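Remarks on the structure that follows.
Quick caveat, the model's predicted, so the values are computed rather than measured. Numbers restart at 1 for each chain; the letters A, B, ... are given by sequence-line order, proteins then strands.
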Amino acid sequence: DSGVTQTPKHLITATGQRVTLRCSPRSGDLSVYWYQQSLDQGLQFLIHYYNGEERAKGNILERFSAQQFPDLHSELNLSSLELGDSALYFCASSVGRELFFGEGSRLTVL
Amino acid sequence: TQLLEQSPQFLSIQEGENLTVYCNSSSVFSSLQWYRQEPGEGPVLLVTVVTGGEVKKLKRLTFQFGDARKDSSLHITAAQPGDTGLYLCALGSGNTGKLIFGQGTTLQVKP
């Protein structure tokens, strides 16, 4: 158990819809990272938040957005979903360079 | 853009065999991490290597960082079925968790 909690574990939705994925980092960790894992692209960095502020952006689509709340939990919002957005979405928190990943949210877009 | 290439992509071996997987970068990196991911779970950090030529051991796993800091290898001795999983190498960016991952090596160890 990494201490990072993600919900939901599985989500099935239709194209054009919007979903929100939630992440609670390990107790005391101020950083939250979001990663997307798909079969063809592998594990890709999306975005990093530190203590409520966006710190870095990776290959995150404009249809996706994230935020980190005062209690340090984070949400990743995915809108206008397309078939290609089907993937595992991981949240991780860290101390320095070591990442602790949650179990992921598996999104299926039909 | 710095890229990481891992080889082989897939490896299926019998219990007790030895194996080596490789991670190569297009340029010099400051640090490299190895993660292992089991089905249905997130990646778990195995080791971080930072110094050229560095060797780290974790039970039956030996990690090596190339002298030129452009490549790394993971050697597993006497593989066990419990070693089955996806092995990922990742480049760090500064002292943060923003990582660039390789595509991974899927290892299957058959009893």
Side-chain angles (χ1 to χ4, degrees), chain A residues 1-10 21 23-26 29-51 53-60 66 68 72 74 87-106, chain B residues 1-10 21-26 29-51 54 56 58 63 65 69 72 74 85-107:
Chain A
D1 182 3
S2 67
V4 177
T5 305
Q6 289 189 248
T7 57
K9 279 188 178 285
H10 302 276
L21 309 180
C23 168
S24 293
R26 293 188 321 157
D29 285 354
L30 300 179
S31 273
V32 168
Y33 300 81
W34 285 97
Y35 282 82
Q36 178 193 58
Q37 187 174 39
S38 60
L39 283 175
D40 55 342
Q41 295 289 324
L43 200 55
Q44 300 272 321
F45 167 73
L46 294 178
I47 198 163
H48 168 211
Y49 276 83
Y50 178 84
N51 202 20
E53 292 187 4
E54 181 186 304
R55 282 295 180 93
K57 263 186 175 179
N59 300 322
I60 188 166
Q68 186 179 27
L72 301 177
S74 178
L88 265 169
Y89 291 84
F90 285 103
C91 166
S93 67
S94 75
V95 176
R97 286 181 294 214
E98 181 172 358
L99 286 182
F100 296 87
F101 284 86
E103 293 185 343
S105 293
R106 181 175 293 281
Chain B
T1 303
Q2 198 166 30
L3 294 175
L4 279 179
E5 287 189 11
Q6 289 191 243
S7 61
Q9 272 193 295
F10 302 98
V21 298
Y22 300 91
C23 176
N24 294 285
S25 171
S26 55
F29 43 78
S30 59
S31 69
L32 184 132
Q33 297 180 331
W34 283 94
Y35 287 80
R36 179 165 156 260
Q37 183 179 13
E38 295 186 44
E41 298 183 10
V44 176
L45 179 66
L46 296 174
V47 75
T48 301
V49 285
V50 296
T51 306
E54 184 175 5
K56 284 192 173 180
L58 188 65
F63 303 85
F65 203 15
R69 288 161 52 210
S72 180
L74 158 59
L86 176 66
Y87 288 82
L88 296 157
C89 63
L91 289 180
S93 174
N95 193 32
T96 74
K98 178 186 172 185
L99 301 175
I100 299 169
F101 282 87
Q103 289 287 86
T105 294
T106 299
L107 171 65

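- Nearest approach of A:Tyr33 to B:Lys98, heavy atoms of both residues: CE2-N, 3.4 Å.
- Comparing B:Gly42, B:Gly104, B:Ala90, B:Gly102 by how many heavy-atom pairs each has under 4.5 Å with chain A, the most go to B:Gly42.
- Between B:Gln37 and A:Phe90, the shortest heavy-atom distance links the atoms NE2-CZ, 3.3 Å.
- Within the 4.5 angstrom heavy-atom criterion, only side-chain atoms of A:Gln37, from C-beta onward, approach chain B.
- Atoms OH and CG, from B:Tyr35 and A:Leu43 in turn, are 9.5 Å apart once rounded to the nearest 0.5 Å.
- Looking at A:Ala92, neither its backbone nor its side chain comes within 4.5 Å of chain B, counting heavy atoms on both sides.
- If you take CG on B:Leu45 and CZ on A:Phe100, they are separated by 7.5 Å, rounding to the nearest 0.5 Å.
- Contacts between A:Tyr50 and chain B at a heavy-atom distance below 4.5 Å are absent for every atom of the residue.
- Heavy atoms closer than 4.5 Å to chain A are found nowhere in B:Val47, neither backbone nor side chain.
- Annotation: A:Glu54, atom CD; neighbour count of heavy atoms from other residues, nucleotides and ligands within 6.0 Å is above 12.
- Residue A:Asp40 touches chain B through its backbone alone, counting heavy-atom pairs closer than 4.5 Å.
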